[in-house]
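Here is the structure we will look at, set down as structure tokens.
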Amino acid sequence: MRGLFSSSLTTLLNWKIQDGAVYLEVKRTLAEKLADIVYVITGERLEETILRDLSPSEYGDISTTIAFKLAKTLKKKPIEIAESIEKEISDFVSCYPYIERIDRIGPYLNFHLSHAYCIEILSRALKEGCEYRKGFLGERGKVIIEHTSANPDGPLHIGHVRNSVIGDTLSRIFRWAGFDVETQYYVNDMGRQIATVVWGLTRSELKIENNMKPDHAIAKVYIEANRALNKEEVDEIMRRVEGGDRELFSKVRYVVDMALDGISETLERMNIKIDSYVRESSCIECGAVDEVLKRIEQLDQAFIEDGALMLNLSEFGIEKPLVLRRGDGTSLYATRDIAYHIWKGRRCDRMIDVLGSDHKLIASQIRVVLTLLGEKIPEVVVFEFVTLPEGSMSTREGKYISADELMDKMVSRARDEVEKRHPDMSEDMKKSIAEGVGIGAMRYDMVKISPDKNMVFNWEDALDLEKLGAPFIQYSHARACSILKKASECGYDALHCDTNPSYLKEEWEITLMKKMGELDSVLDRCLWELKPHHLAIYGRELAEAFNLFYRFSSVLKAPAGIRESRLSLVQGAKNVLYVVLDLLGIEPLEKM
RNA sequence: GGGCGCGUAGCCUAGCCAGGAUAGGGCGACAGCCUCCUAAGCUGUAGACCGGGGGUUCAAAUCCCUCCGCGCCCGCCA
């Protein structure tokens, strides 16, 4: 490590990055070393994680409280154990370049990352650019992520938005880590909702308004049809559609396509791309539903009651029997979903479903049935409901706030802010910044909260762009871009300038580089827990670290030498900010 | 009634699965900082018996039990 700075002037871009020079690797190395030491002392292998991230903390970067845990089995004082572990590991640390030192405070052992580690991180951020840490888990196989899957009976509302944003962010993280990701939207075109819309259109007073966005027009028909509902007639439509009535099915198709047109337009504006829309009806058409019903009939848990095929799942803690075929021979949502999952499961290594909490029971029923059939089971990401202050949303009753309305309002609010700051900017520029800020703010607010928290939507909070959210992170990125732009106008090249890493020794510079290094560890946690909110929080912390650097270290006005070093740090930080924004599906604006 | 989830300052939230060092943030409030690379920024102050009670432990926001409050579910709906 001493040799690392021997040639004082070099470009960080040409720095040879050492294997293992990333936060995840450093932690893994330390954990293994500690486990070895504990094995020597106790004769037992550690199963659990023994390292904690401290960042940010005055104590150090990584710590362990292993000495407490061993106190009982070894019948010794924690401090004594910590002392002996410290003694054992210090030899290793002295020749390991990425840990500068260990502090022992009482029984706590705290590790401090070295400056060499920081420089390796920076060098990597410069070299890998906007692909920083891409593929950090290596080839991981194919994963199908199903999200959104809203019924095509109206526009996406803010509850669906939560689903879409969680699903899309997870998809981006999986892809970044090294998975081959396919996103799917399961289209419910065989359900009662769509039959209701089709039934509504048979009534002369109900028409699709063609001056409305198509998904909103469908919702209007759906809401009004529900007011005058004739259940028997809707049942008849469902029977005929499943029975293969081509004419009726083409009406279903027409309605569903209209709704999907509107929905996909909304998703596109949210920066979300669905790889494939899989129609429920295709599971029936291709015979998959009949096939799965035949297999289910063979199960020990299967029985017929009143002509309906049911499964007794009580041995799995599910009291009510699950109905899979009605007396009249038609299938149910669960049946078709099982067929869909069998089809999906055979096309990937992992499948992940993002579902609202109302689907918890059905999801566990489906998992049980798939297990009984010996098929792959999905991993389920459940998120709790988004409600309005006055209560739950309902498309059927027309009680909802649509994604379109929310985006319009947020973009318009962002537009006001742009106008305030840059009255002379071109129209196109104002418009695109407002769009990036407004949509980004919406996405951030949806993903920043842990999925298992209920959310009560309120306009005042949603439209507040001043709080720490997407605009804050975008702003840091834009600031970095602004410095880089000015630098290149002055003839400085952030990538190829000679840099002396020893100039980057200020506290806030070190903090920033360490924060940049945490990305893979954060993404790893998101993947492990299937919760993307950790990334949102990390983005905010990274932006905070950059803003502090910006505040205390002047770049362009710094003396030559220091200037180049800081410029490379701006470039590196900008790259990491870019990656984080990109993973969050938020526009990395260069000016705002 | 049963199952699952949630309950952290006036409001929103991280930490809980893998228990440890002064419980992190944000909004709002109050007080400061633009002759200096974007003030959508930075700094400081006030504000928390981590829903209540019990238990386990040297140590509990975190684990266990119980009660209370909120949400979702318990359809031959999707």
Side-chain angles (χ1 to χ4, degrees), chain A residues 47-52 54 56-59 63 65 67-69 71-72 78 105-108 110 151 153 188 190-194 280 305-310 317-328 330-334 336-337 356-362 364 382-385 387 392 414 417-418 420-422 437 445 448-456 458 460-461 464-472 474-476 478-487 490 528-529 533-534 537 540-541 543-544 547-548 550-558 566-567 570 591-592:
Chain A
E47 293 290 330
E48 54 192 271
T49 314
I50 47 171
L51 293 172
R52 293 195 313 143
L54 286 180
S57 163
E58 69 222 55
Y59 291 123
S63 87
T65 55
F68 286 106
K69 312 267 189 291
K72 186 168 279 177
I105 304 177
Y108 297 95
N110 300 322
N151 287 333
D153 54 17
N188 237 298
M190 296 300 288
R192 184 165 292 278
Q193 284 88 342
I194 296 312
E280 207 180 9
E305 192 175 292
D306 300 332
L309 173 64
M310 305 191 183
I318 299 166
E319 290 310 317
K320 297 261 170 93
L322 179 64
V323 182
L324 290 148
R325 189 179 55 215
R326 296 189 183 91
D328 65 7
T330 54
S331 63
L332 288 95
Y333 167 80
R336 300 184 297 261
D337 212 14
S357 67
D358 54 338
H359 279 67
K360 263 189 269 191
L361 176 62
I362 188 74
S364 58
V382 170
F383 67 93
E384 293 294 326
F385 267 41
T387 57
S392 291
E417 298 296 320
V418 177
K420 239 188 270 173
R421 282 160 243 258
H422 307 282
V437 168
D445 290 346
K448 74 176 177 186
I449 309 264
S450 167
D452 32 44
K453 288 261 197 192
N454 285 103
M455 285 177 81
V456 179
N458 79 79
E460 195 193 346
D461 189 55
D464 177 12
L465 300 176
E466 296 295 313
K467 65 180 190 288
L468 291 195
F472 177 78
Q474 288 169 310
Y475 187 65
S476 300
R479 273 180 151 179
C481 289
S482 168
I483 293 176
L484 294 170
K485 185 160 170 275
K486 283 224 165 65
C490 299
W528 188 250
E529 295 180 14
H533 70 289
H534 301 297
I537 291 158
R540 198 203 68 213
E541 291 170 353
E544 231 160 27
N547 282 337
L548 274 186
Y550 181 92
R551 160 80 174 74
F552 291 114
S553 285
S554 57
V555 179
L556 300 176
K557 294 192 180 77
R566 289 181 179 170
L567 201 52
V570 172
K591 189 174 164 63
M592 61 187 280

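Residue numbers begin at 1 in each chain, while the letters A, B, ... track the order of the sequences. Values in this document were obtained by computation on a predicted structure and should not be read as measured data.
For B:G15, the OP1/OP2 oxygens have a side-chain nitrogen or oxygen of A:H534 closer than 4.0 Å. Taking only side-chain nitrogens and oxygens, A:H359 never comes nearer than 4.0 Å to OP1 or OP2 of B:C77. Regarding contacts with the backbone of B:C72, a side-chain N or O of A:S392 is found under 4.0 angstrom from either OP1 or OP2. Listed pair A:R326 / B:G75 fails the phosphate criterion, with no side-chain N or O lying under 4.0 Å from OP1 or OP2.
A search for side chain to side chain donor-acceptor pair (under 3.5 Å) contacts involving A:E305 returns nothing, not counting sequence neighbours. Judged as a side chain to side chain contact (heavy atoms under 4.5 Å, CB included), and not counting sequence neighbours, the contacts of A:S392 are A:T387. Legend: residues meeting side chain to side chain donor-acceptor pair (under 3.5 Å) with A:E280, ordered by chain and number and at least two apart, are A:R336. The side chain to side chain contact (heavy atoms under 4.5 Å, CB included) search around A:E466 returns A:E417, A:R421, A:D464, not counting sequence neighbours. A:D452 is linked by a side chain to side chain donor-acceptor pair (under 3.5 Å) to A:S450, A:K531, counting only residues two or more places apart in sequence or in another chain. Scored by the ring-ring contact (aromatic ring centres under 6.0 Å, His included) test, A:Y108 finds A:F68 as partners (sequence neighbours excluded). By the ring-ring contact (aromatic ring centres under 6.0 Å, His included) test, A:F552 is found to be paired with A:W508, residues two or more places apart in sequence or in another chain being considered. Remark: A:E384 pairs with A:S357, A:K360 by the side chain to side chain donor-acceptor pair (under 3.5 Å) rule, at least two apart or across chains.
One interatomic measurement links the two molecules: CD1 of A:I362 to P of B:C74, which rounds to 9 Å at whole-angstrom precision. The separation between A:F383 atom CZ and B:G71 atom C1' is 13 Å, rounded to whole Å. Separating the CG atom of A:N458 from the C1' atom of B:G28 is a distance of 13 Å, rounded to the nearest angstrom. Taking atom CG on A:N110 and atom P on B:G20, their separation rounds to 14 Å, with Å as the unit. In this structure, A:M455 atom CE and B:C72 atom P are separated by 15 Å, rounded to whole Å.
A 3.5 Å limit on both hydrogen-bonding distances identifies no Watson-Crick or G-U partner for B:C36. Applying the Watson-Crick and G-U wobble criteria (two distances, each under 3.5 Å), B:C50 pairs with nothing in any strand. Across all strands shown, B:C63 pairs with B:G55; the Watson-Crick or G-U wobble distances both stay below 3.5 Å. The partner of B:C72 is B:G3, judged by Watson-Crick or G-U wobble contacts that both fall below 3.5 Å. Judged by Watson-Crick or G-U wobble contacts below 3.5 Å, the nucleotide B:U22 has no partner. Base pairing of B:C30: its partner is B:G44, meeting the Watson-Crick or G-U wobble criterion (both donor-acceptor distances under 3.5 Å). In a base pair of the Watson-Crick type (N1 to N3 plus N6-O4 or O6-N4) or a G-U wobble (N1-O2 and O6-N3), with each distance short of 3.5 Å, B:C16 is matched with no nucleotide.
Counting distance only, with no hydrogens placed and no angle test, the side-chain atoms of A:K320 and the base atoms of B:G75 include no donor-acceptor pair under 3.5 Å. The base of B:C77 is not paired with the side chain of A:Q193 by any donor and acceptor separated by under 3.5 Å.
When the P atom is used for both B:A60 and B:U22, the distance is 13 Å, rounded to whole Å.
The line from CD1 of A:I483 to NZ of A:K486 is 9.0 Å long, rounded to the nearest 0.5 Å. Taking CG of A:L567 as the reference point, atom CG of A:L484 lies at 6.0 Å (rounded to 0.5 Å). Rounding to the nearest 0.5 Å places NZ of A:K453 at 9.5 Å from NE2 of A:H533.
Note on A:Q474: nothing from the nucleic acid sits closer than 4.0 angstrom, heavy atoms only. Among the heavy atoms of the strands, none lies under 4.0 Å from A:E460. Among the protein residues, A:L322 comes within range of no part of the nucleic acid, since none of its heavy atoms lies under 4.0 Å from any strand. Residue A:S450 is in sugar-phosphate contact alone, with no base atom involved, counting any heavy-atom pair closer than 4.0 Å across all strands shown. A:M310 comes within 4.0 angstrom of a base, heavy atoms only. Using a 4.0 Å heavy-atom distance criterion, A:V418 is classed as a base contact. Among the protein residues, A:Y108 comes within range of the nucleic acid bases, having at least one heavy atom under 4.0 Å from a base atom. Residue contacts for A:R566: at a heavy-atom cut-off of 4.0 Å it reaches no nucleic acid atom on any strand shown. Among the heavy atoms of the strands, none lies under 4.0 Å from A:K420.
Ranking B:C37, B:C76, B:G41 by closeness to the A:R479 side chain, first place goes to B:G41. Proximity note for A:L361 (side chain, C-beta onward) versus B:A40, B:C74, B:U22: the nearest is B:C74. When the nucleotides B:G20, B:U13, B:C77 are ranked by their closest atom to the side chain of A:R192, B:C77 comes out on top. Comparing B:C72, B:U13, B:C37 by their nearest atom to the side chain of A:I483 picks out B:C37. Which of B:G41, B:G20, B:C17 sits closest to the side chain of A:F68 comes down to B:G20.
A donor-acceptor contact shorter than 3.5 Å links the side chain of A:S364 to the backbone of A:L361.
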Stepwise side-chain contact (heavy atoms from CB on, under 4.5 Å) check, A:S476 with A:E544
CA-CA 8 Å; A:S476 300; A:E544 231 160 27; over 6 Å; no

Every protein N/O within reach of nucleotides 24-26 of chain B N/O, cut-off under 3.5 Å:
unit_1, atom_1, unit_2, atom_2, d
B:G25, O2', A:R540, NH1, 3.4
B:G25, O2', A:R540, NH2, 3.2

Taking only nitrogen or oxygen atoms into account, show me every contact under 3.5 Å that the protein makes with nucleotides 43-47 of chain B, one pair per line with its distance.
none

Where do N or O atoms of nucleotides 3-7 of chain B meet protein N or O atoms at under 3.5 Å, pair by pair?
unit_1, atom_1, unit_2, atom_2, d
B:C4, O2', A:K360, NZ, 3.2
B:C4, O2, A:K360, NZ, 3.3
B:G5, O4', A:K360, NZ, 3.4
B:G5, O2', A:D452, O, 3.1
B:G7, OP1, A:K453, NZ, 2.9

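Taking for each of A:V437 and A:Y59 the nucleotide of RNA chain B with the nearest heavy atom, the 5'-most of the two is the partner of A:Y59. Each of A:S553 and A:D464 lies near RNA chain B, and the nucleotide nearest A:D464 is the one positioned closer to the 5' end.
B:C11: glycosidic angle beyond 90° from 0, hence anti.
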With a cut-off of 3.5 Å and sequence neighbours excluded, list every side-chain donor-acceptor pair involving residues 317-328 of chain A.
unit_1, atom_1, unit_2, atom_2, d
A:R325, NH1, A:E297, OE2, 3.2
A:R325, NH2, A:E297, OE2, 3.1
A:R326, NH1, A:T330, OG1, 2.9
A:R326, NH1, A:S331, O, 3.2
A:D328, OD1, A:T330, N, 3.0
A:D328, OD1, A:T330, OG1, 2.7
A:D328, OD2, A:R239, NH1, 3.4

